[in-house]
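A quick write-up on the structure given underneath.
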Amino acid sequence: MELKTKVIAEDGKQELTIEREFDLPVALVYQAHTEPELIEQWMGNKVLQFEKRNHGSYLFETKSPEGVVLFRANGVLLNLVENQSFVRTFEMENTGFAIQLEFFSFESISKEKSKLKMHIIYQSVVQRDQILKMPFAQGINMAHNRLETIAKQSME
Amino acid sequence: MDLRRDVFQAIADPTRRAILLLLATQSMTAGAIASQFDSKRPTISKHLLILTECELLHREPIGREMYYHLNPNKMKEIANFIAPFQKLWDDRFNNLESVMKDYKRKA
C-alpha cells in the first residue's frame with residue numbers, strides 16, 4: 001500500500017520535510033497537535049505538560065509496563081497562529097541527539113481536506129542522518145504496542 | 001548461533017527495548033546497564049545474552065570490563081522492516097486521522 005506521508009530528506013542537508021494530506025478540516029488537524037488529550041490519543045505518549053501559548057512548554061513521556069522511561073521529549077511552543085502554524089523546539093531526552101527546530105504549517109485544501117507540512121531543522125547533517133538511520137530509537141514506543149501484539153500472537 | 005533467536009524476538013520484550021535505547025548512544029558494562037533497572041541482575045544478564053545471540057549487541061573487553069555495544073547493522077534490519085521513518089509518520093498520522101474523525105462524530 002502506498003504511504004500517504006511524504007518524507008523529503010535531500011542529501012547533505014540538515015533538514016527534513018514531512019508532508020501529509022488529511023481527510024479532515026484544517027481546524028481538526030491543528031487541534032490534534034495542540035490539545036493534550038488528543039495528542040495522547042494519536043501519539044501514544046503521556047502528555048505531562050502542555051501550555052498552548054507562545055513560549056509555553058510541553059513534556060511527553062512513554063513508559064514501559066515496568067515503569068522504565070522509554071521516551072521523553074520536551075520543548076517550547078512559539079508563534080502559534082490558530083489553524084495555521086506554530087513552531088516548536090523538540091528535545092528527545094537522554095538520547096544524545098541535539099534539540100531540533102520544527103516548523104508546523106497547516107493549510108486548508110477544501111472544507112474537508114487539509115495539508116500538514118513539518119519542516120524540521122537539525123543541528124547538523126550528521127544528526128539528521130543519524131535520526132533517519134535510527135527510526136527505531138524514535139519509533140520504538142510507537143511501534144511497540146503493535147509489535148507486542150504480533151510477538152504474542154506468534155508465541156501462541 | 002541459536003537459530004531460534006531473531007531480532008524481532010529480541011525486541012518483543014520491553015526491557016530489551018529499553019536496553020537497546022540505553023546503548024543507542026553509548027557503550028556500557030552489564031553492571032551499569034543493570035543499575036538502570038529494578039529487575040535482578042541475572043534477569044538483565046539473560047536479556048543481554050539474548051540480545052547478543054541475536055547479534056544486536058557486541059561484547060568487547062576493555063581493560064578488565066566487558067562492554068556492550070549496539071550493532072548498527074543488525075539494527076538496520078529492524079529499521080528496514082518495522083519502522084522506516086516514513087512508515088512511522090504514516091502510521092502516526094493515520095492514527096491522528098481516525099482519532100479526529102471519532103472526535104468530530106462525538107462533537
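Residue numbering restarts at 1 for every chain, and letters A, B, ... go by the order of the sequence lines.
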Side chain to side chain contact (heavy atoms under 4.5 Å, CB included) between B/H69 and B/L57, intermediate numbers included
CA-CA 5 Å; B/H69 306 274; B/L57 299 183; over 6 Å; no
Stepwise, does the side chain to side chain contact (heavy atoms under 4.5 Å, CB included) test hold for B/M28 with B/I19?
CA-CA 10 Å; B/M28 291 170 86; B/I19 290 172; over 6 Å; no
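In this structure a side-chain-to-backbone donor-acceptor pair under 3.5 Å is present from A/R128 to A/E15. When atom types are taken as modelled, the side chain of A/Q127 and the backbone of A/A98 share a donor-acceptor pair closer than 3.5 angstrom.
For chain B, the option among A/V7, A/N94, A/L24, A/L16 with the highest count of heavy-atom pairs below 4.5 Å is A/L24.
In this structure, the portions of A/L28 lying under 4.5 Å from any heavy atom of chain B include both its backbone and its side chain.
For the atom pair OG (B/S98) and CD (A/Q41), the distance works out to 9.5 Å, reported to the nearest 0.5 Å.
Residues A/I121 and A/H119 form a side-chain contact, since some pair of their non-hydrogen atoms from C-beta on lies under 4.5 Å apart.
Residues of residues 101-118 of chain A lying under 4.5 angstrom from chain B, judged on non-hydrogen atoms, are A/E112, A/L116, A/M118 by number.
A/F90 does not carry A/R88 over the face of its six-membered ring by the limits of under 6.0 Å from the centre and within 45° of the normal.
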